[in-house]
Amino acid sequence: MGKQFESMLPVHEEFIRKQYLFFVGSAPLSEDGHVNISPKGHDAFRILSPNRVAYLDMTGSGNETSAHLLENGRITVMFCAFEGPPNILRLYGTGKVILPETVEWEELYPLFPPLPGARQIIEVDVHKVQTSCGFAVPFMTYTEDRPTLQRWSVQQGEEGLIAYRQEKNMRSIDGLPTPLGQQS
């Protein structure tokens, strides 16, 4: 049976810190728009307070979450227990995009390891926490993070990453602008 909370309890924070993978869900306001769900890995998630979290977002082939946050701010972050007792934890909130070379970036970026290809930080003000059983989530064992994205980012170099983001990260698949697109 699911339970809801107004903020993360210490037990929730402990569970989150043990996870190697999380998922981010967002959607545009348009009923014709595409709902986005993105898996996230690496050591890229931080709990800032019981009602505030952030993650370091890496360069990717799309930038849907960023566009959706700019349009409406809605975001859900989900964690699943693939090891140990079954559990699913969702953080519902309002998110915003923090770009490099801003005061907020300078405050938050030092909390993360320097991962190649970091393009933005997503900060979430959490207004609801929900847990559920996770009985149908399979057992899976973590081996290691894939090195592919970091290796690719290093090979691109800063100029290559900028060019890639200009080609792939300025608009969502539905044509919504992203903060990166507005910055150009």
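Cluster membership check: Tyr109 shares its hydrophobic cluster with Met58, using side-chain heavy-atom separations under 4.5 Å among Ile, Leu, Val, Met, Phe, Trp and Tyr. Hydrophobic clustering, with ILVMFWY side chains joined whenever heavy atoms are under 4.5 angstrom apart, keeps Trp152 apart from Val154. Linking ILVMFWY side-chain heavy atoms closer than 4.5 Å, directly or via other members, places Phe15 and Leu21 in two distinct hydrophobic clusters. Both Leu161 and Leu149 are part of a single hydrophobic cluster, where members link through side-chain heavy atoms under 4.5 Å apart. Using a 4.5 Å cut-off between side-chain heavy atoms of Ile, Leu, Val, Met, Phe, Trp and Tyr, with links allowed through other members, Leu89 and Ile47 fall into the same hydrophobic cluster.
Atom OG1 of Thr59 is separated from atom CG of Leu115 by 11.0 Å, given to the nearest 0.5 angstrom. Between Asn169 atom CG and Ile162 atom CD1 the span is 12.0 Å, to the nearest 0.5 Å. Taking CG from Leu176 and CG from Leu70, the interatomic distance works out to 8.5 Å, rounded to the nearest 0.5 Å. In this structure, CD on Gln150 lies 5.0 Å from NE2 on His42, to the nearest 0.5 angstrom. From Cys133, atom SG reaches atom NZ of Lys3 across 12.0 Å, with rounding to the nearest 0.5 Å. Interatomic distance, OG of Ser132 versus CZ of Arg90, reported as 4.5 Å (0.5 Å rounding).
Residues Arg171 and Thr178 have side chains not in contact (no heavy-atom distance under 4.5 Å, counting atoms from C-beta outward). Side-chain contact between Leu180 and Ser66 is absent, with no heavy-atom pair separated by less than 4.5 Å. Counting only heavy atoms from C-beta outward, the side chains of Asn63 and Gln120 approach each other to under 4.5 Å. Counting heavy atoms from C-beta outward, Ile88 and Met78 have side chains that approach closer than 4.5 Å. With a 4.5 Å cut-off on side-chain heavy atoms, Val137 and Phe82 count as touching. No side-chain heavy atom of Gln4 sits under 4.5 Å from any side-chain heavy atom of Val129. With a 4.5 Å cut-off on side-chain heavy atoms, Tyr55 and Ile121 do not count as touching. Val97 places none of its side-chain heavy atoms less than 4.5 Å from the side chain of Glu123.
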Kindly determine whether Gln166 and Tyr164 satisfy side-chain contact (heavy atoms from CB on, under 4.5 Å), including the steps that lead there.
-> CA-CA 5 Å; Gln166 288 175 344; Tyr164 185 85; over 6 Å; no

CA sep, side-chain torsions, deciding dist, call: Ile75, Ile122, side-chain contact (heavy atoms from CB on, under 4.5 Å) = CA-CA 10 Å; Ile75 188 169; Ile122 305 297; 4.0 Å; yes

List the steps, then state whether side-chain contact (heavy atoms from CB on, under 4.5 Å) holds for Glu104 with Lys96.
-> CA-CA 11 Å; Glu104 292 164 303; Lys96 69 177 181 177; 2.5 Å; yes

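Ion pairing between Lys18 and Glu83 fails under the 4.0 Å rule for side-chain N and carboxylate O. Look at Lys128 and Glu6 and you find no salt bridge, because none of the NZ, NE, NH1 or NH2 atoms lies under 4.0 Å from a carboxylate O. The pair Asp57-Lys40 meets the salt-bridge criterion, since a charged nitrogen lies less than 4.0 angstrom from a carboxylate oxygen.
The nearest pair of heavy atoms linking Ala44 to Gly41 is CB-O, 3.7 Å. The two residues Pro28 and Arg74 come nearest to each other via the heavy atoms O-NH2, 3.3 Å. The two residues Ser7 and Asn51 have their closest heavy-atom pair at CB-OD1, 3.0 Å. Closest approach of Leu56 and Pro113 over heavy atoms only: CD2-O, 3.9 Å. The shortest heavy-atom contact between Thr102 and Ile98 is OG1-CG2, 3.7 Å. When all heavy atoms of Val124 and Gly93 are compared, the closest pair comes out as CG1-CA, 4.0 Å.
Side chain of Arg46 to main chain of Val53: no donor-acceptor pair is present (N/O by atom type, distance under 3.5 Å, no hydrogens or angles). A distance-only check finds no donor-acceptor pair linking the side chain of Asp32 to the backbone of Asp174 [under 3.5 Å]. Not a single donor-acceptor pair under 3.5 Å links the side chain of Thr94 to the backbone N or O of Asp125. Glu167 places no side-chain N or O within donor-acceptor distance of the main-chain N or O of Ala163, the cut-off being under 3.5 Å. With hydrogens and angles ignored, the 3.5 Å screen pairs no side-chain donor or acceptor of Asn36 with any backbone N or O of Gly25. For the pair Glu71 (side chain) and Leu29 (backbone), a donor-acceptor distance under 3.5 Å is present.
Between Tyr142 and Tyr20, the ring planes are parallel. Angles under 30° get that label, and only those over 60° would be called perpendicular.
In summary, the aromatic rings of Phe5 and His12 are positioned with their centroids under 6.0 Å apart. Note: Phe23 and Phe79 fail the aromatic proximity criterion, with ring centroids not under 6.0 Å apart. Between Phe45 and Phe22, a ring centre-to-centre spacing shorter than 6.0 Å is recorded.
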